[in-house]
Amino acid sequence: MGLTDKLKGLSNNVQQTTKQATYSLGHICLRLVSGFFVGLVLALISQELFGLGTFMLIFLNILFLALIYKILAPRTVFQIVVFDFICVLIASLLRMYILIAPN
């Protein structure tokens with residue numbers, strides 16, 4: 001093997017490693033964002049239902065974030081995006097229910 005073949009193999013290896021690292025970082029960020037927003041909604045709902053304080057809101061948000069983060073670990077990016085769309089649809093239904101419900 002010549003020097004050019006070694007450089008070509010090295011550049012291909014760097015390219016594959018960069019692709020995999022970018023995918024992994026995007027997967028982690030998407031799981032964190034999904035977990036944060038689902039956790040925030042669930043923590044706000046529980047705060048309103050039970051009259052909890054700010055510390056409990058933060059605790060429940062972190063708890064639900066960790067739970068969603070762990071649940072979404074084996075999923076692909078596409079499956080996480082579908083999960084996010086389903087959560088947005090459920091949130092819009094909840095918003096419509098709140099707007100339509102009588103005082």
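As the structure is a computational prediction, the values presented were derived from the model and not from experiment.
Counting all heavy atoms, side chain and backbone alike, S34 lies closest to I68 at C-CG2, 4.3 Å. Taking all atoms of both residues into account, the shortest heavy-atom contact from V77 to L30 is CG1-CD2, 3.8 Å. Of all the heavy atoms in H27 and R75, the pair that sits closest is NE2-O, 2.6 Å. The two residues S46 and L52 come nearest to each other via the heavy atoms O-CD1, 3.9 Å.
Of the inter-residue distances, the one linking T54 atom OG1 with F59 atom CZ reads 15.0 Å to the nearest 0.5 angstrom. Between the CD1 atom of I28 and the OH atom of Y69 there is a distance of 4.5 Å, given to the nearest 0.5 Å. R95 contributes atom CZ, which lies 11.5 Å from atom CG of L93 (distance to the nearest 0.5 angstrom). The distance from the CG atom of L65 to the CG atom of L60 is 12.0 Å, given to the nearest 0.5 Å. Rounding to the nearest 0.5 Å gives a distance of 11.5 Å between CD1 of I80 and CD1 of I71. N13 CG to T18 OG1: the interatomic distance, rounded to the nearest 0.5 Å, is 9.0 Å.
Put simply, F37 and F85 are part of two different groups of oily side chains (I, L, V, M, F, W, Y) that touch within less than 4.5 Å, one to the next. In the hydrophobic cluster analysis, where Ile, Leu, Val, Met, Phe, Trp and Tyr join through side-chain heavy atoms closer than 4.5 angstrom, V33 is grouped apart from V88. Follow the hydrophobic side-chain contacts under 4.5 Å out from I58 and you never reach F50; the two are in separate clusters. Hydrophobic clustering (side-chain heavy atoms under 4.5 Å, transitive across Ile, Leu, Val, Met, Phe, Trp, Tyr) groups F83 together with L42. When the side chains of ILVMFWY residues are joined at heavy-atom separations under 4.5 Å, either directly or via intervening members, L63 and L49 end up in a single hydrophobic cluster.
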Quick one: do V82 and I86 satisfy side-chain contact (heavy atoms from CB on, under 4.5 Å)? Show the steps, please. CA-CA 6 Å; V82 169; I86 291 171; 4.1 Å; yes
